[in-house]
Amino acid sequence: MTRRFYVTTPIYYVNGAPHIGHAYTSVAADVMARFHRLAGDEVFFLTGTDEHGQKVEQAAVAAGVAPKAFVDKVAADFRAMADAMDISYDDFIRTTEPRHIAATQALWTRVARNDAIYLDAYEGWYALRDECFYNEDELVDGPNGQKLAPTGAPVEWVKEPSYFFRLSAFQDRLLALYEQHPEFLGPYGTRNEIISFVKSGLRDLSVSRTSFSWGIPVPGDDKHVMYVWFDALANYLSALGFPDEQAPRMAFWPANLHLVGKDIARFHAVYWPAFLMAAGIELPKKVFANGWWTIEGQKMSKSLGNVVDPRALVQEFGLDAVRFFMLREVPFGGDSDLSRKALIARNNIELANDLGNLAQRTLSLVARNCGGIVPERGPATEEDSKLLAQVALLPELLSAQLERCALTDALEEVWKTIRACNAYIDHQAPWALRKTDPERMAHVLRVLLDAMRGIATMLQPFMPGTMGRMLDQLGVAADERNFAALEQPLPGGRALPPPQGLFPRYVEAEAE
RNA sequence: GGCGGCGUAGCUCAGUGGUAGAGCAGGGGAAUCAUAAUCCCUUGGUCGGAGGUUCAAAUCCUUCCGCCGCUACCA
């Protein structure tokens, strides 16, 4: 039976340019998608852009262009970044596409039909000049005791007609969801925060606006556009062809994993399941929130001018070194720091020294002493069996780690094995066996080739380009690179191409 | 203020009742196939402070100190 796996990134808000945080979530989702493909699952991997809302409208005005022209440009940039990072998305959805608009209106209609949406009025402190509402506690006192927005704009108490979603009615069902399915929401800290938030009491949610028009019209009431989160969250369904239950992709619902940044965990873990409950639609299996990146120890912000475009890093260090660094450095669900020093250290120690050099030393021994031909397997010694058993365990170990979104721990498992290979080659010393026992030397090298094939196969989701080249050098054919193929040893006698370095060491230019 | 998380070797972190761990960094040694990479051994911690429960606590409880997050519709 083929299992289906549906994984999503958030759809990124086109308010600003793509940065390392977006790239990180996308790369993590990409690893999940690629891993499941190699495991033989049928995969659908969705990413895209969130293009409605007042902020986008304002940004377009500020840029002096029509909203559509504005979002076309920024969405294209997000897509270009996904391509630059080698994100293997199956579809890229934009919330301004007709298919999304139709699906979102259908979802709204279904929720409304189940009596979970009603018309009332949204009240609050409104600043005409800023065209937005402020919370009571954000206001400051002006000279005449007048209330002012933090921007200094005068505010007035206004009522605006708005549709509301009966979020309050779903409190108990949401708490039951978190309780009965502890795996639904992670990591642990985020889960606690969300539960505590829901327990503190939910108010109904305003889900439409009349104060701007850059959004999806509410079905049957064109004066309103939908609140951006109703619009945005619906993308996970609209890309599947919702509401057409017969659409081929609808079989991927419910989603297996929504990967999100921790700032939007609440929208995915509270509002989204509530919308779906209201619509009578099955819930996603898991929402997992990742942390933030700091840059050289500092928070990333426009005002500090330290916003990192991952493409600049790729330019300098290479795509796979950057992908590897992001996945290796971030502790499970936590925040992480991006520093030049750390990136270079990971690249040089783990990629160049541990893995790249292992491949290079093994392959050049095969090239020189075995005529570049894959030796037959020989009788296995205890050490041989031990190493190969460790490799054989990797698919199972990584599968378990990815199940809990522990990408860092998954890589650690592989690196333990890589270190074991380096220990093995030193202890067996094939360069010495060359003179004393050439047959055993060939067997040792064969063990290493098999071990490296397993390692490279497992690392493909993390570093697709470089591991592809490593498998080329190991003589592994294109259809022999999935997890199931590992059961079948390569036939001996295959000719290998001349070895070439995989990961160059990075040497920082000396500052005088 | 309320709720929650974190505080373990120089650094990044793992470890939720049973004689303190990994990687990196530091020190010593071996090897020389290899991208001067690798391998072996090793220095180093009163597990934030104090008190308590227990035969036994980094691990449970109390309290204090420090850092961080959440506390809703502005992605």
Side-chain angles (χ1 to χ4, degrees), chain A residues 10-16 50-56 58 122 124 127 130-135 137-138 149-150 162 164-165 167 187-209 227-233 260-267 270-271 291-292 328-329 331-337 341-342 345-346 348-369 408-409 412 415-416 419 421-434 441 445 499-507:
Chain A
I11 47 173
Y12 301 111
Y13 201 55
V14 296
N15 195 26
D50 180 12
E51 309 185 2
H52 287 131
Q54 191 169 22
K55 289 228 167 179
V56 172
Q58 286 169 344
Y122 181 60
D130 301 341
E131 294 185 58
C132 80
F133 284 91
Y134 290 98
N135 288 330
D137 57 14
E138 288 180 287
S162 170
F164 279 80
F165 173 72
L167 185 63
Y188 183 73
T190 301
R191 181 165 179 269
N192 277 342
E193 285 182 6
I194 297 287
I195 291 175
S196 140
F197 170 75
V198 174
K199 275 188 178 161
S200 74
L202 295 174
R203 297 200 296 269
D204 287 351
L205 191 67
S206 165
V207 286
S208 78
R209 292 295 141 84
Y227 168 55
V228 286
W229 276 107
F230 193 96
D231 174 348
L233 290 163
V260 300
K262 67 181 182 182
D263 53 327
I264 57 174
R266 189 205 308 143
F267 302 101
V270 181
Y271 301 169
W292 290 131
R328 179 69 168 137
E329 193 75 3
F332 185 41
D335 289 349
S336 252
D337 186 54
K341 198 177 151 200
R346 287 286 181 198
N348 286 356
I349 294 165
E350 297 190 329
L351 292 181
N353 295 357
D354 289 346
L355 178 56
N357 185 53
L358 170 67
Q360 185 71 16
R361 64 198 304 206
T362 305
L363 288 166
S364 54
L365 283 168
V366 172
R368 190 161 336 107
N369 302 319
T408 311
D409 295 348
E412 177 59 24
W415 251 259
K416 278 181 193 160
R419 288 181 210 116
C421 286
N422 273 319
Y424 173 87
I425 194 172
D426 266 45
H427 295 155
Q428 299 300 320
W431 48 89
L433 289 169
R434 183 167 61 95
M441 173 205 71
L445 292 176
Q500 286 186 316
L502 292 169
F503 298 102
R505 282 179 63 80
Y506 185 92
V507 182

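Here is how names work: the chains are called A, B, and so on, in the same order as the sequence lines, proteins then strands, and each is numbered from 1.
- Residue-level contact check: A/Gly16 touches neither bases nor backbone, having no heavy atom under 4.0 Å from any strand.
- Partners of A/Asp204 according to the salt bridge (Lys or Arg N to Asp or Glu O under 4.0 Å) rule, which considers only residues two or more places apart in sequence or in another chain, do not exist here.
- If you check every strand for non-hydrogen atoms under 4.0 Å, A/Arg203 touches a base.
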(request) Fill in the dot-bracket string of RNA chain B, one character per base: . for unpaired, | for a pair to another strand, ( ) or [ ] for pairs within the strand, taking Watson-Crick or G-U pairs under 3.5 Å. (result) ((((((((.[[[[.)..(..]]]].(((((.......))))).....[[[[[..)....]]]]])))))))....
With the criterion being N/O to N/O and under 3.5 Å, what pairs connect the protein with nucleotides 7-12 of chain B, and how long is each?
none

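- The side chain to side chain donor-acceptor pair (under 3.5 Å) search around A/Lys55 returns none, not counting sequence neighbours.
- In terms of the side-chain contact (heavy atoms from CB on, under 4.5 Å) criterion, residue partners of A/Ala342 (sequence neighbours excluded) are, by chain and number, A/Phe325, A/Glu329, A/Ser339.
- When the side-chain contact (heavy atoms from CB on, under 4.5 Å) test is applied to A/Asp263, the partners found at least two apart in sequence or on another chain are A/Trp292.
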(message) Counting primed atoms plus P, OP1 and OP2 as sugar-phosphate and everything else as base, spell out the protein contacts along nucleotides 36-41 of chain B at 4.0 Å heavy-atom distance: B, S or - for each nucleotide, 5' to 3'.
(response) -SBSS-
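- Under the rule for a ring-ring contact (aromatic ring centres under 6.0 Å, His included), the partners of A/Phe267 that lie at least two apart in sequence or sit in another chain are A/Trp229, A/Tyr271.
- Between A/Tyr227 and B/C74, a side-chain N or O to OP1/OP2 separation shorter than 4.0 Å is present.
- Under the side-chain contact (heavy atoms from CB on, under 4.5 Å) criterion, A/Lys199 pairs with A/Leu175, A/Ile195, not counting sequence neighbours.
- With sequence neighbours excluded, the residues satisfying side chain to side chain donor-acceptor pair (under 3.5 Å) with A/Arg328 are A/Glu350, A/Glu412.
- Note on A/Leu363: nothing from the nucleic acid sits closer than 4.0 angstrom, heavy atoms only.
- Under the side chain to side chain donor-acceptor pair (under 3.5 Å) criterion, A/Arg191 pairs with no residue at all, not counting sequence neighbours.
- A/Asp409 pairs by the side-chain contact (heavy atoms from CB on, under 4.5 Å) definition with A/Gln401, A/Arg404, A/Ala406, not counting sequence neighbours.
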